[in-house]
Amino acid sequence: MARAESGLATKAGAQRARSRAGGRALAWSAAAFALALAAYVADVATHPIRLTLGWFDLNIYNHAGLIVRHAPDTLYTWHFLPGVQYLYTPFAALGFAAGSLLPWSVLRWLMTVASLAAMVFTVWVTFGQLGWRGRSRAAAVLGVSAVALWTEPVLRSVQVGQIELLLMALIAWDLCQSDDRKWKGAGVGLAAGIKLVPLIFIPYLLLAGKRRQAAVATAVFAGTVAAGFAALPHASAQWWLTGYFLHSGNVGDVGSLLNQSLFGLVARVAGGVRAATGTWLGLAAAVTALGLAAAVALHRRGRAVQGWLMCALTGLLVSPISWDHHWVWIVPVLVVLADAAVRARGAARWAYGALAAGVAALFGAWPDHWAGPGALVPHGLLGFFVGPHPVHEKYHLYGLQVMSWNLYVLAGLALFALAVVAAARAWLIPAEPRLQAG
């Protein structure tokens with residue numbers, strides 16, 4: 001009896017110790033996130049708004065919404081500025097038309113807050129699917145969000161008012177739902193109806209054995225196309241039936257520094273888009289096949305988050321255009337690496353921690369200037385070693401310039417290779433059942 005009471009007391013003491021440790025971790029993480037957010041607010045408040053929050057892309061969305069309401073047949077011939085057009089689907093334009101009903105002063109700040117909330121929400125649902133619960137989950141979410149906030153893709157997306165963070169949150173939420181949910185896949189289909197790149201998740205779902213979810217995603221996507229034709233028949237015919245959406249040049253300069261896709265990398269190396277097209281098509285086909293195979297293997301071995309994240313990474317690499325702000329998918333990458341570091345032991349824990357720190361550093365929103373009017377304005381490492389980098393230099397890069405102008409796509413390829421290795425190991429050596437954290 002005495003031994004039993006002693007054992008219960010020991011167990012209760014251990015639980016109290018874990019509870020205190022969890023409380024301290026939550027407090028530290030909350031302080032870190034508050035500090036990161038306060039630093040960002042201070043950065044915005046102390047610089048001209050054009051340097052930190054210009055909302056350039058959101059302005060295009062808003063004007064496209066106004067065009068839909070007043071001159072819909074000109075949606076894909078109208079220019080916001082010379083050479084700058086609306087590029088998303090007719091269905092997306094319907095949403096922007098609704099947004100244009102709001103005053104611009106309200107819309108821009110609403111988009112900023114919603115984007116930051118979407119980033120935190122993505123971290124939350126990803127940790128949830130990885131098995132985190134309670135205080136541990138809250139502490140992990142706040143800690144990783146503090147780091148993710150100060151990555152260049154996130155702040156760039158917020159700066160220009162892009163919808164990338166919202167789409168990422170929608171897709172992550174959808175894929176983190178239970179398979180019993182009747183409408184799982186609808187988020188993927190809706191996201192694809194706004195921007196076509198998420199279509200890559202449909203073959204992933206199908207190959208992973210989730211036929212119903214793939215069917216739901218396909219049906220919802222088809223519904224967005226039908227809605228576009230019903231509301232905007234002329235614009236929809238122009239978008240879908242003339243091949244408008246197939247021309248990467250409509251989206252922007254493929255060779256631009258900000259295009260961190262395989263096509264951009266090959267174009268900069270080959271000296272032009274025409275010279276790069278054949279090579280890129282072959283590479284894109286190979287990367288797509290290998291990426292989907294690895295994603296499916298990870299999913300079928302019980303690593304669902306790693307599976308859909310590999311699918312997202314594959315989409316970033318093979319898309320003709322992947323602007324720097326498209327790489328917001330680095331946020332759930334940080335979640336997966338943090339989770340792996342916590343669960344690992346010994347040298348493996350240090351390795352995962354170092355990898356997470358390296359990813360955060362490479363994608364970090366480092367300032368371009370440390371003094372002067374633009375001091376501490378987030379910029380990142382893209383083009384950091386190039387110097388003035390006039391436009392004509394993009395096809396004549398040497399040494400560190402090659403790495404700097406292709407930093408995200410090279411880092412993405414490295415993560416892609418690691419994920420392929422992890423998928424092969426998972427397929428050959430089934431992992432032990434995962435335990436809930438917290």
Please state whether the rings of H63 and W78 are parallel, tilted or perpendicular, taking 30° and 60° as the class boundaries.
->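 Plane angle under 30°, so parallel.
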Review point. What residue among Y86, F56, Y61 forms ring pair (Phe, Tyr, Trp, His ring centres under 6.0 Å) with F80?
Key: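 Of all the options given, the one that passes is F56.
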To the nearest 0.5 Å, how far apart are [atom1] in [X] and [atom2] in [Y]?
| X | Y | atom1 | atom2 | answer |
| --- | --- | --- | --- | --- |
| L257 | Q401 | CG | CD | 11.5 Å |
| Q238 | T74 | CD | OG1 | 9.5 Å |
| D73 | H234 | CG | NE2 | 5.0 Å |
| L110 | T112 | CG | OG1 | 8.5 Å |
| D368 | H379 | CG | NE2 | 4.0 Å |
| L407 | F363 | CG | CZ | 6.5 Å |

Hey, are the side chains of [X] and [Y] touching, using non-hydrogen atoms and a 4.5 Å cut-off?
| X | Y | result |
| --- | --- | --- |
| I171 | W329 | yes |
| L355 | L418 | yes |
| W55 | V160 | no |
| T52 | Y40 | no |
| F127 | V144 | yes |
| L265 | L410 | yes |
| L258 | R156 | yes |
| H299 | L207 | no |

- Task: Is it possible for you to check whether R268 lies under 6.0 Å from the centre of the six-membered ring of W280, through NZ or CZ, and within 45° of that ring's axis?
- Result: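 No, R268 and W280 do not form such a contact.
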Can you check side chain to side chain donor-acceptor pair (under 3.5 Å) on W323 and N259, steps first, answer last?
CA-CA 4 Å; W323 299 125; N259 180 22; over 6 Å; no
Any luck finding a side-chain donor-acceptor pair between [X] and [Y] under 3.5 Å?
| X | Y | value |
| --- | --- | --- |
| D324 | Q260 | no |
| N62 | W104 | no |
| Q213 | Y204 | no |

[atom1] of [X]: more than 12 outside heavy atoms within 6.0 angstrom?
| X | atom1 | result |
| --- | --- | --- |
| W366 | CH2 | no |
| Y352 | OH | no |
| R69 | CZ | yes |

Is there a donor-acceptor pair closer than 3.5 Å between any side-chain N or O of [X] and the backbone N or O of [Y]?
| X | Y | result |
| --- | --- | --- |
| Q85 | Y76 | yes |
| S115 | L165 | no |
| H47 | A375 | yes |
| S322 | S261 | no |
| R300 | A295 | no |
| T224 | F91 | no |
| S145 | L142 | no |
| T151 | P153 | no |
| S236 | L232 | yes |

Item to complete: For F416 and L290, run side-chain contact (heavy atoms from CB on, under 4.5 Å): C-alpha distance rounded to whole Å, both residues' side-chain angles, the deciding distance at 0.1 Å, then the answer.
Response: CA-CA 10 Å; F416 182 89; L290 184 58; 3.8 Å; yes
Inset, instruction - Evaluate side-chain contact (heavy atoms from CB on, under 4.5 Å) for V225 paired with W239, printing each intermediate quantity in order. - result: CA-CA 10 Å; V225 176; W239 170 267; over 6 Å; no
Looking only at heavy atoms, what is the nearest atom pair of [X] and [Y], with distance?
| X | Y | value |
| --- | --- | --- |
| V409 | W327 | CA-CZ2, 4.2 Å |
| M168 | V328 | SD-O, 3.3 Å |
| P332 | T122 | CD-CG2, 4.3 Å |

### Message
If you apply the rule side-chain contact (heavy atoms from CB on, under 4.5 Å), what do you find for Q177 with W183, and how did you get there?
### Response
CA-CA 10 Å; Q177 296 297 301; W183 286 98; over 6 Å; no
| task | Take D174 and K184, measure what salt bridge (Lys or Arg N to Asp or Glu O under 4.0 Å) needs, and give me the verdict at the end. | result | CA-CA 6 Å; D174 190 28; K184 181 173 182 178; over 6 Å; no
Trace of the side-chain contact (heavy atoms from CB on, under 4.5 Å) decision for T126 with W308: CA-CA 11 Å; T126 306; W308 57 255; 3.8 Å; yes
